[in-house]
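In what follows, a structure is listed as structure tokens, so that the remarks can point back to it.
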Amino acid sequence: MLNNTYFILLIVAIGFSACVDRTFDEPPINGEDPNISAEQIVTVEDVLSHYVPGEVVALDMDKYLSAIVVADDRSGNFFRSIVVQDETGGLTVLLDDVELFNKYFEGRRLFILLKDLYVSDYAGLPQIGYTPVADGTQTDLSRIPAVLIDDIIIPGTFNNEMTPQNLTIDDLGFAELNTLVEISDVQFSPGSSGTHYADFVNLNATNHSVEDCNGYDIVLRTSGYADFASALTPEGNGTIKGIFGVFNNDRQILLRNLDDVNMAGERCSNCAGIRGVQDVQNMVSEFFEDANDFDDVDKSGWSNINCAGSRLWFYRSFSGNGFAEMESYQDNADFADAWLITPPFNLSGVTTLTFRSAQAFYRHDGLTVLISTDFGGDPAGATWTNLNPDLAGSSDDNYAWVDSGQIDLTSFSGTGHVAFRYEGSTASNTTKFRIDNVIIE
């Protein structure tokens, strides 16, 4: 009996020892890199040496790309793909699977076997993936099938830090594509600040404009599936980090999460145009007559300023009647934010504002009428109050004039300016608006 007991205890002890020993065979907490010789390792630059824009090229290399994940799909802003980077550049890797962040997370080094992969681009953005797929008009890359991912990608160590390049918008070019960048002294353009990052209701992606204080801008694109799509874009100035990309001729930034945005500083102003300077008036009366069609509105004392886009309010006429008009249809810029502002007037001597408006080809409510008592020439630096007049809208016929009604100004004091602000975009919000017969008395 003793011998049997001893024998059983010995087996248990050996089994326990074996369990303990196996724990030492697991990778350490920060992972470990596979035993791959230096001769088998290539860089992003080596991969891109095979890249031909618009073509699908077989890499046909029995070698591994060693690079660090700089963007994964955790937030939902990247879909069935990750972005990897080394000291020579970056690439998007197409993977036919979801929740990739569980294994291929930011900061992890990967070793990607290239012999069965291809390099191409999507609208100018270099990427690697699996076999070519023809859709009748062009040839694209397929994603690496889920069942093959583990055969092609070998995970390595964790917590590899990739410091973003600190660049200006104007610096960003081909060499920075698919890399982590940081841009300082930037802000969301007026038409994009204080709005949702994306359409989280219909799950549509949204392009916002981010501008620097030198007048350069770049698209910030966010998926409607991003877990921060419903958050509001900040209204201050600061820094933004993200992956630099391109879609045809549009340069863009994709955020990994909201930690990539830090804009709590004071905004700078890029508002430019015609700034009127005139003594304070006791009344304002403007009918926009005697001007050439399509010339920018340039009336004595009036300010005609754009804070986004390339257009100002311009003169138009029909059947002998002149008026001011603004629209974003076929503008060269993605967004428009144009202000037509009255001369200064003494609020102690006036009581009402009246005007009329018209719209055509309705797509959005793009006209706002506001008043400020501290406007000093820069709309972005003033405090504005919406006057809520009756405006031409979706229920009105094209070009039908709508009276504003009498707008009471008696609750304001000091020196006033009334602004007619147009906001639109070339993508969808293109309604044409007209104003005429502006009287403050």
Side-chain angles (χ1 to χ4, degrees), residues 164-172 180-198 206-222 228 230-242 244 251-277 303-310 312 333-342 344 368-387 412 414-425:
Q165 301 179 80
N166 198 306
L167 302 168
T168 67
I169 293 175
D170 193 40
D171 288 335
L172 298 171
L180 182 62
V181 299
E182 182 176 56
I183 311 171
S184 301
D185 203 17
V186 291
Q187 60 201 20
F188 283 86
S189 301
S192 290
S193 63
T195 62
H196 297 293
Y197 275 93
T206 298
N207 287 350
H208 284 301
S209 174
V210 173
E211 62 185 13
D212 66 17
C213 294
N214 295 314
Y216 295 102
D217 62 357
I218 191 168
V219 172
L220 178 86
R221 183 169 178 81
T222 304
F228 55 88
S230 64
L232 297 179
T233 58
E235 300 185 39
N237 181 286
T239 62
I240 189 168
K241 286 190 293 188
F244 173 57
R251 297 183 301 166
Q252 56 187 21
I253 295 287
L254 277 80
L255 300 178
R256 301 169 302 169
N257 52 63
L258 287 188
D259 290 338
D260 283 340
V261 182
N262 182 9
M263 295 184 182
E266 184 176 347
R267 292 178 66 89
C268 59
S269 175
N270 288 320
C271 299
I274 303 165
R275 287 177 164 85
V277 178
S303 297
N304 190 5
I305 299 170
N306 70 61
C307 292
S310 58
L312 300 173
D334 291 331
F335 301 94
D337 184 17
W339 299 66
L340 185 60
I341 304 174
T342 67
T368 312
V369 182
L370 312 106
I371 188 170
S372 174
T373 58
D374 62 359
F375 173 66
D378 180 1
T383 303
W384 297 94
T385 301
N386 194 336
L387 291 173
F412 301 95
T415 299
H417 290 82
V418 167
F420 298 88
R421 183 185 187 185
Y422 177 91
E423 296 175 278
S425 67

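- The CH2 atom of Trp339 sits 8.0 Å away from atom SG of Cys271, with the distance rounded to the nearest 0.5 Å.
- Thr415 and Pro344 get closest at one heavy-atom pair: CG2-CB, 3.6 Å.
- A 4.5 Å side-chain heavy-atom check between Thr195 and Thr206 finds every atom pair outside the cut-off.
- Side chain of Asp374 to backbone of Thr383: a donor-acceptor contact under 3.5 angstrom is found.
- Phe335 meets the ring pair (Phe, Tyr, Trp, His ring centres under 6.0 Å) test with no other residue; sequence neighbours excluded.
- Distance check, rounded to the nearest 0.5 Å: OG1 of Thr222 to CZ of Phe228 gives 5.0 Å.
- Residues Leu167 and Leu172 meet the side-chain proximity criterion, which asks for heavy atoms closer than 4.5 Å.
- Taking the side chain as every heavy atom from C-beta outward, Arg251 and Ile169 approach each other to under 4.5 Å.
- Between the CG atom of Asp337 and the OG atom of Ser425 there is a distance of 12.0 Å, given to the nearest 0.5 Å.
- For Asp217, there are no side chain to side chain donor-acceptor pair (under 3.5 Å) partners at least two apart in sequence or on another chain.
- The main-chain N or O of Ser209 is found under 3.5 Å from a side-chain atom of Ser192 such that the two form a donor-acceptor pair.
- A distance of 8.0 Å separates OG in Ser372 from NE2 in His417, rounded to the nearest 0.5 Å.
- Under the rule for a side-chain contact (heavy atoms from CB on, under 4.5 Å), the partners of Glu182 that lie at least two apart in sequence or sit in another chain are Pro164, Asn166, Thr239, Lys241.
- The backbone N or O of Ile341 lies less than 3.5 Å from no partner atom in the side chain of Ser303, so there is not a single donor-acceptor pair.
- Taking CG from Leu220 and CG from Leu255, the interatomic distance works out to 4.5 Å, rounded to the nearest 0.5 Å.
- Annotation: salt bridge (Lys or Arg N to Asp or Glu O under 4.0 Å) contacts of Arg221 (sequence neighbours excluded): none.
- Between Arg256 and Leu180, some side-chain heavy-atom pair lies under the 4.5 Å cut-off.
- Taking each heavy atom of Ser189 and Glu211 in turn, the nearest pair found is OG-OE1, 3.4 Å.
- Considering every non-hydrogen atom in both Asn237 and Cys213, the closest pair reads ND2-SG, 3.7 Å.
- A search for ring pair (Phe, Tyr, Trp, His ring centres under 6.0 Å) contacts involving Tyr216 returns nothing, not counting sequence neighbours.
- Partners of His208 according to the ring pair (Phe, Tyr, Trp, His ring centres under 6.0 Å) rule, which considers only residues two or more places apart in sequence or in another chain, do not exist here.
- Contact check for Pro234 versus Phe188: side-chain heavy atoms found under the 4.5 Å cut-off.
- The backbone N or O of Tyr197 sits nowhere less than 3.5 Å from a side-chain atom of Thr233 that would complete a donor-acceptor pair.
- Side-chain atoms of Asp260 and Ile253, non-hydrogen and from C-beta on, never get closer than 4.5 Å to each other.
- In this structure the side chain of Cys268 reaches within 4.5 angstrom of the side chain of Gln187, judged on heavy atoms.
- Under 3.5 Å, the side chains of Trp384 and Asn386 contain no donor-acceptor pair of N or O atoms.
- Between the CZ atom of Arg267 and the CG atom of Asp185 there is a distance of 11.5 Å, given to the nearest 0.5 Å.
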